[in-house]
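Both backbone and side-chain heavy atoms feed into the values below; hydrogens, waters and symmetry mates do not. On a predicted model such as this, the values are computed, not experimentally measured, just so you know.
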Amino acid sequence: MRIFKRSRVSSTGLRLAAVVGLAAVLGACHGTDLEGVRDLEPQGSEFNQQLFAGYVGLSARELAEHDYRDSDGFAAKAAAAARGDDVRPTAVGERLIAVDKQEELSNARGRLMQALFGSAKGKAPAIAASAQISYECWLQEQEEGHQPGDIADCRNAFYGQVIAAEVAIRPPPPPPEPEPEPEPVYVTYYVVFFDFDSSELSTAAMQTLDEASETALAMRPYKIVIRGHTDRAGPDAYNLGLSERRALSVAGYMIEQGAGRFVIDAEGLGESEPIAKTADNVRDGRNRRVEVTLSE
């Protein structure tokens with residue numbers, strides 16, 4: 001038969017053990033890291049500074065909900081961001097995520113990483129940091145899985161911010177193709193008038209022929225057709241010669257203005273094609289004219 005002896009422990013020893021055990025439990029569950037991080041002055045890029053503020057906010061929120069583990073985890077990321085470290089979004093495999101939620105979250109992280117390292121950090125630092133914080137919020141809430149409203153809020157915020165980041169880094173569209181130059185519209189018909197029984201060009205006539213010559217140089221016509229006319233005063237034969245002199249006077253002037261490089265067809269038609277239908281031997285200034293046509 002064995003005889004068992006009851007060990008005797010002093011009441012003082014029991015009380016000390018209880019205090020030590022309670023302190024260990026409290027120390028294990030109480031998130032104290034945020035207090036040492038909250039007042040840090042973040043260094044580095046604007047992205048890191050925005051990231052620091054976002055992680056501090058997440059840490060404070062979880063601390064208020066007594067989630068000390070996540071509060072300390074976010075505080076550690078905030079401290080790393082404050083140092084200027086490359087703080088990457090938490091991988092899906094680092095949390096206990098339901099199997100049916102893993103694919104979307106993994107795709108979301110891949111999309112976020114592509115934006116972050118596609119120049120979003122520099123081009124849109126506040127938006128990029130907000131996208132990362134929204135993703136961390138979504139991932140953490142999804143792991144807990146008991147607050148569907150919070151999960152939806154964080155998820156929606158993430159998609160809004162990551163789309164904004166993608167837009168910010170999207171290359172600008174190529175400049176629009178220049179509109180084709182409209183085809184120039186040329187005046188191709190000109191007419192000048194003469195005094196009675198004269199083939200001399202007036203000042204007004206020369207101004208009109210200057211315009212016709214400039215148009216010809218720009219237009220490069222196939223042919224310049226010049227037709228001289230007279231009124232019905234005087235003999236037909238005389239008027240035919242007068243109309244030819246008028247046509248040649250116009251042709252000579254246009255040649256002087258540079259239109260000689262084009263084919264010029266100058267002809268006098270006498271009184272055969274009057275504008276104003278008059279009786280024979282009637283003077284009419286409307287009929288004493290030369291018509292110039294630029295033919296394409």
Side-chain angles (χ1 to χ4, degrees), residues 26-98 100-118 120-166 168:
L26 291 175
C29 68
H30 190 274
T32 59
D33 290 359
L34 179 60
E35 293 306 315
V37 171
R38 194 192 300 270
D39 296 327
L40 291 176
E41 294 186 5
Q43 307 297 313
S45 67
E46 183 180 350
F47 171 76
N48 272 60
Q49 296 177 38
Q50 296 285 343
L51 207 58
F52 165 77
Y55 277 121
V56 166
L58 288 178
S59 178
R61 189 192 70 178
E62 294 308 309
L63 182 62
E65 295 180 358
H66 308 292
D67 183 349
Y68 303 120
R69 178 180 69 88
D70 283 326
S71 176
D72 286 347
F74 289 137
K77 282 183 172 284
R83 293 192 300 270
D85 293 351
D86 178 15
V87 182
R88 302 194 176 190
T90 304
V92 175
E94 295 180 39
R95 286 190 178 272
L96 299 176
I97 303 297
D100 62 332
K101 305 297 181 182
Q102 291 178 9
E103 182 177 1
E104 184 183 13
L105 280 162
S106 295
N107 291 338
R109 185 178 186 274
R111 187 171 174 179
L112 174 60
M113 292 290 286
Q114 188 171 8
L116 293 177
F117 293 95
K121 291 181 180 182
K123 290 184 176 179
I127 295 174
S130 182
Q132 181 163 334
I133 295 302
S134 298
Y135 164 80
E136 295 281 15
C137 174
W138 176 18
L139 187 66
Q140 187 270 336
E141 291 292 345
Q142 190 64 68
E143 181 183 48
E144 291 182 350
H146 62 270
Q147 293 176 303
D150 289 349
I151 294 172
D153 288 345
C154 295
R155 177 180 179 275
N156 293 339
F158 165 76
Y159 281 119
Q161 293 300 318
V162 79
I163 289 171
E166 290 167 345

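The structure places OH of Tyr135 at 9.5 Å from CE of Met113, a figure rounded to the nearest 0.5 Å. A distance of 11.0 Å separates CD in Glu144 from CG in Leu139, rounded to the nearest 0.5 Å. Atom CZ of Phe158 is separated from atom CZ of Arg109 by 10.5 Å, given to the nearest 0.5 angstrom. Summarising the geometry, atom CG belonging to Asp72 is positioned 11.0 Å from atom CD belonging to Glu62; distances are rounded to the nearest 0.5 Å. Within the model, atoms NE2 of His146 and CD1 of Ile151 stand 8.5 Å from one another, a figure rounded to the nearest 0.5 Å. Here CD of Gln142 is found 10.0 Å from CD of Gln102. Values are rounded to the nearest 0.5 Å.
Considering all non-hydrogen atoms of both residues, Phe52 and Ala82 come closest at CD1-CB, 3.7 Å. Between Gly54 and Ile133, the shortest heavy-atom contact is C-CD1, 3.5 Å. Taking both residues in full, the closest heavy atoms of Leu58 and Cys137 are given as CD2-CB, 3.9 Å, listed atom of the first, atom of the second, then distance. Scanning both residues, Ala165 and Ile127, for their nearest heavy atoms gives N-CG2, 3.6 Å. The heavy-atom pair separating Val87 from Ala81 by the smallest distance is CG2-N, 3.5 Å. Contact between Leu34 and Ser59 at its shortest, heavy atoms only, is CD1-OG, 3.5 Å.
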message: Between Phe74 and Asp33, does the side chain to side chain contact (heavy atoms under 4.5 Å, CB included) criterion hold? Intermediate values first, please.
response: CA-CA 9 Å; Phe74 289 137; Asp33 290 359; over 6 Å; no
Step-by-step salt bridge (charged side-chain N to carboxylate O under 4.0 Å, His left out) determination, Arg38 to Glu35: CA-CA 6 Å; Arg38 194 192 300 270; Glu35 293 306 315; 3.6 Å; yes
query: Given the rule in the salt bridge (charged side-chain N to carboxylate O under 4.0 Å, His left out) test, do Glu143 and Arg69 qualify, once you have shown the distances and angles that lead to the verdict?
result: CA-CA 13 Å; Glu143 181 183 48; Arg69 178 180 69 88; 3.2 Å; yes
task: Check the pair Gln140 / Asp150 against side chain to side chain contact (heavy atoms under 4.5 Å, CB included), numbers first and verdict last.
output: CA-CA 10 Å; Gln140 187 270 336; Asp150 289 349; over 6 Å; no
task: Decide yes or no on side chain to side chain contact (heavy atoms under 4.5 Å, CB included) for Phe47 and Leu116, but give the supporting numbers first.
output: CA-CA 10 Å; Phe47 171 76; Leu116 293 177; 3.9 Å; yes
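In this structure, the side chains of Arg111 and Tyr159 come closer than 4.5 Å at one or more pairs of heavy atoms. Using a 4.5 Å heavy-atom threshold, the side chains of Leu112 and Gln132 count as touching. Contact annotation: the side chain of Thr90 approaches that of Lys77 to within less than 4.5 Å [non-hydrogen atoms, C-beta and beyond].
The closest donor-acceptor contact from the side chain of Ser134 to the backbone of Ser130 lies under 3.5 Å. Of the possible polar contacts, none joining the Lys121 side chain to the Glu46 backbone as a donor-acceptor pair under 3.5 Å is found.
Enclosure of atom CD in Glu65 by more than 12 non-hydrogen atoms of other residues, nucleotides or ligands within 6.0 angstrom is indicated. Around CD of Gln147, the count of heavy atoms belonging to other residues, nucleotides or ligands within 6.0 Å exceeds 12.
Of the residues Arg95, Arg155, Arg61, the one that meets the salt bridge (Lys or Arg N to Asp or Glu O under 4.0 Å) test with Glu141 is Arg61.
Using modelled atom types and a 3.5 Å distance limit, the side chains of Tyr55 and Glu136 yield a donor-acceptor pair.
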